[in-house]
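Here's the structure we're looking at; comments come further down.
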Amino acid sequence: MPSKHIDFNIDAAQGFGVFKNNKEAELLDMVSSVNISCGFHAGDPLLIREYLLKCKEKNITIGAHIGFNDLQGLGYRPMELSNEEIESIVLYQVGALASFAKAYSLTIDHVRPHGAMYKLASENYEFSLAIAKAIQKFDKWLNYTCLDNSILQNVADETGIIINREVFVDKTYNQEFKPEFNTGKYINDDDALNRIRTILFSSQIKLGNGVFMPVNCDTIHFDTKNPNITQLLKKANEIIIPTPVNYNKAEASGWV
């Protein structure tokens with residue numbers, strides 16, 4: 001048996017109008033949390049509503065997927081913002097999704113950056129700190145989901161924010177323990193599944209150079225743009241049935 005439980009998460013409502021990724025809906029039964037776009041980098045009101053209701057029906061944990069509004073960049077272009085601007089765009093997006101969720105008797109559980117915002121948050125302490133402070137200004141009980149590394153841990157130590165330490169299932173990690181972001185390249189399914197097993201049984205991850213590194217993992221991200229995502233998630237669910245981060249933490253503490 002694995003030494004721990006784990007959360008599987010995907011992004012959803014990554015579209016606008018007729019531009020949708022219909023594959024997202026097919027994956028909901030195989031994950032335990034979903035990051036819903038907030039209408040800034042992607043997501044329109046009808047699409048957001050659709051996924052909120054799907055998550056309610058399937059009892060899936062909901063998170064706000066926040067990003068940069070860079071027009072045609074879909075959140076993948078980096079932007080230089082002041083702390084006031086960072087706070088404003090975080091509060092704007094989290095507030096939008098939270099208000100929408102409240103209308104359907106739902107609450108959001110976590111906040112996860114998207115694209116260029118995620119990359120910057122995983123590399124720049126001050127930027128990540130500004131995101132965390134904005135999240136706490138909205139609700140001190142919201143979890144902050146980002147790449148597992150020393151920056152995220154330092155932000156947690158500084159602010160006391162609850163963190164979800166994330167690992168990518170299908171991206172190559174270099175020898176500096178950084179994943180290859182937005183390259184369109186994915187490791188093969190067997191390696192991805194072995195990564196899950198290694199995380200569960202020994203809390204390690206294999207880097208691109210073959211070296212194993214210790215990892216603190218609360219949630220595993222599955223990229224819906226991966227052409228093999230459906231089959232990969234099916235096989236991952238044969239290894240372990242995912243459960244939400246906060247449930248896992250409560251179980252570990254003895255509360256359940």
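Not measured: the values here are computed from a predicted model.
Counted within 6.0 Å of NZ on Lys234, heavy atoms from surrounding residues, nucleotides or ligands total 12 or fewer; the atom is thus considered open. For Asn59, the CG atom sits in a loose shell: 12 or fewer heavy atoms of surrounding residues, nucleotides or ligands are nearer than 6.0 Å. For Tyr92, the OH atom is loosely surrounded, since the number of other residues' heavy atoms within 6.0 Å does not exceed 12. Atom CD of Glu123 has more than 12 heavy atoms from other residues, nucleotides or ligands within 6.0 Å.
Legend: residues meeting salt bridge (Lys or Arg N to Asp or Glu O under 4.0 Å) with Lys58, ordered by chain and number and at least two apart, are Asp29. In terms of the side chain to side chain contact (heavy atoms under 4.5 Å, CB included) criterion, residue partners of Leu52 (sequence neighbours excluded) are, by chain and number, Ile36, Ile48, Ile62, Leu97, Phe100, Ala101, Leu106.
Put simply, the side chain of Asp218 gets close to the backbone of Arg165: a donor and an acceptor are under 3.5 Å apart. Formation of a donor-acceptor pair under 3.5 Å by the Asp189 side chain with backbone atoms of Ala192 is not found in this model. A donor-acceptor contact shorter than 3.5 Å is absent between the side chain of Asn228 and the backbone of Leu232. Judged purely by atom type and a 3.5 angstrom limit, Ser32 has no side-chain atom pairing as donor or acceptor with the backbone of Ile60. Asp148 places no side-chain N or O within 3.5 Å of a backbone atom of Cys217 that could act as its donor or acceptor partner. The closest donor-acceptor contact from the side chain of Tyr144 to the backbone of Gln136 lies at 3.5 Å or more, if one exists at all.
If you check the side chains of Asn9 and Ser33, you find no donor sitting under 3.5 Å from an acceptor. Asp223 and Tyr186 are linked by a side-chain donor-acceptor pair at a separation below 3.5 angstrom, with hydrogens and angles left out of the test. Side-chain contact, Thr198 with Gln204: no donor N or O sits under 3.5 Å from an acceptor N or O. Side-chain contact, Gln93 with His41: no donor N or O sits under 3.5 Å from an acceptor N or O. Looking at Asp157 and Gln153, their side chains do bring a donor and an acceptor atom within 3.5 Å of each other. Between the side chains of Asn164 and Asp7, no donor-acceptor pair of N or O atoms lies under 3.5 Å.
Here Lys206 does not pair with Asp191 in a salt bridge; the nearest charged N to carboxylate O distance is not below 4.0 Å. The pair Glu180-Lys185 does not count as a salt bridge, with every side-chain nitrogen at least 4.0 angstrom from each carboxylate oxygen.
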query: Could you go step by step and tell me if Ile187 and Arg195 meet the side chain to side chain contact (heavy atoms under 4.5 Å, CB included) rule?
result: CA-CA 10 Å; Ile187 63 176; Arg195 175 172 291 172; 3.9 Å; yes

- request: Could you give me the CA-CA distance, side-chain angles and deciding distance for Tyr118 and Glu166, then say whether side chain to side chain contact (heavy atoms under 4.5 Å, CB included) is met?
  value: CA-CA 11 Å; Tyr118 188 104; Glu166 183 175 76; 2.6 Å; yes

message: One pair to check against side chain to side chain contact (heavy atoms under 4.5 Å, CB included): Leu81 and Phe68. What are the steps and the verdict?
response: CA-CA 10 Å; Leu81 302 175; Phe68 292 138; 3.7 Å; yes

